[in-house]
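Beneath this line is the structure, given in structure tokens, with notes to follow.
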Amino acid sequence: MRFANYPGHPMLHPALERERRAVAAYLGGCAQRLRELLPLVVADANIEALHDLRVHLRRVRSAFRALHDALPVADAAGLAAECQWLAGRGSGLRDIDVFLHRLDDYLDGKAPEPAPLARLRTALGRRRAHERRALLSSLHTRRAQRLFARLEVLVHPAVDAPGWTDEPIAGSTLWAAYRRVRGPGRRITPESPPEDLHELRKRCKRLRYLLEMYCAAYDSDELPDLLRRLRKLQNVLGDYQDFHTHAALLRELRAEWAGSTPDDAASLALLDRLLAVLADRADEARARFASRFAQFDRPRHHRRRRRLFAPDPLLAPPMIGSAGYCHGWATGERIALPVGKVVCVGRNYAAHAAELGNPVPEIPLLFIKPPSAVVDLAPAFRIPAGRGSVHHELEIAVLIGRRLRDAQPAEARAAIAGLGLGIDLTLRDEQDVLKSKAHPWEIAKGFDGSCPLTPFVPVDEDLDLGRLGTSLSVDGVLRQCGSSAQMLTPIIELLCYASSRFSLWPGDVVLTGTPAGVAALQPGDRVVAELDGLITVHAEVV
Ligand code: ZN
């Protein structure tokens, strides 16, 4: 049976759907255009078609690079590298074409002697032919064919295809790309080396392509305004770079010609004249840069952009659990991660399985506590009244810092943001009834406040996760004492397995199972929980 208002695929949040549509349309448009351009470039390599081909390769590359693990495309990062390779193969040809296009302008209306000019045109023509052959041979390689075949697949990407990220990322992606332009741009001074401006130009391009891609996802005048200012900035940086590239080309020719033939003087004079013009033009472009950047970086626009790219509060995950809990470091600082679910494992210590008369499971026995279960352990935590015995299960708590899905061990290790302790509070009598009926345990395990957590400590790379001791005493009497060495499924393996069953998100916590010694808590009990010299916490049960 299927509900009428519940179609075949899950409903997407409208913001998420807008983003995916914008990206899909953009990539589809690029793939379509590349398909049309390829034969034009192969037939003629004319400047417009070639330029267009490279721009579209760069657009695809920018999208893949920025969103590589958020797209329904296999190996997007690899595809990005291939697009960059092929776009780079056309750069020599494009530089010469632009130079030839601008030559009259560079001559500034003053006609040179015909012979040196003819010599220059011939030399450039020869280089152009060489660059064109090199580009054509690249376009005919298996490598390029494979790239185009893979890009074809993007012509109609579906918004409900598996592999899209479930998080809205347009805002954070644009904000990051914007800051990568603004920060270095503000640091540029009249003394900055040309490389700094060239690098800034690349960053402008990446931001521009991302803005063009996401434009359709935003209903705001601010985005087109930002694009306009960015294009003006990018044009002046583009001119500046062209003047440099063209000067380098002329200097190469000058080195080749110097001393090669008797009539050098006139040819070299022409090159020197052009080099002087290019040096002036580069200075002018640099002077224009400052004012263009100031127009791009007006404070009130910056404030509007910050608001525009900030995450929609309705989509942001809650930062707090129950009773104002938020993840924190043992030093007292707050951890900037939302409070997510708690993935728990039952019977991960053989001695504990035995004390409750349970068999040891063949695969980890997982269950989940919701974010509303999470509270601070210290200075005091509550237990429910009138619902039978409430048992303590002291467990090592792993705070997840990166998204994990079907993780490999190294990935899982790298995703650990911190270690702490948690008490898996359990309504033991209620759980026994549920178990006897083969019902799920949630109401015995996931009630509000059922997961008191200590603050976390960061994890050193060389910390041995296989030898972490824990202890819990109640009113001075040691109740639970264990070591992660006794775990049936060790911590990293457990994270890998859990991530194969539930995606783990930043801010989620994994409780790694309790050693033997579980028992009931009473109001007024004084609890001390310890994690191997890293954490000691005193708490009162209320
Ligand atoms: Zn437990």
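Both counts, for ligands and for their atoms, begin at 1 and track the order of listing. Position 1 is the first residue of the sequence; numbering continues from there.
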Quick one: do Asp532 and Arg467 make a salt bridge, cutoff under 4.0 Å? no
Side chain to side chain donor-acceptor pair (under 3.5 Å) partners for Glu19, two or more places apart: none
Protein N/O/S atoms closer than 2.8 Å to the Zn ion (ligand 1) number 3
Carboxylate-amine/guanidinium contact Asp225 Arg229, below 4.0 Å: yes
Whether Glu212 and Arg59 form a salt bridge (side-chain N of Lys/Arg under 4.0 Å from carboxylate O of Asp/Glu) is what I want to check. yes
Check for me whether Arg305 meets the cation-pi criterion with Phe296, that is, NZ or CZ under 6.0 Å from the six-membered ring centre and within 45 degrees of the ring axis. yes
Which word best sums up how the rings of Trp175 and Phe309 line up, parallel for under 30°, tilted for 30 to 60°, or perpendicular for over 60°? tilted
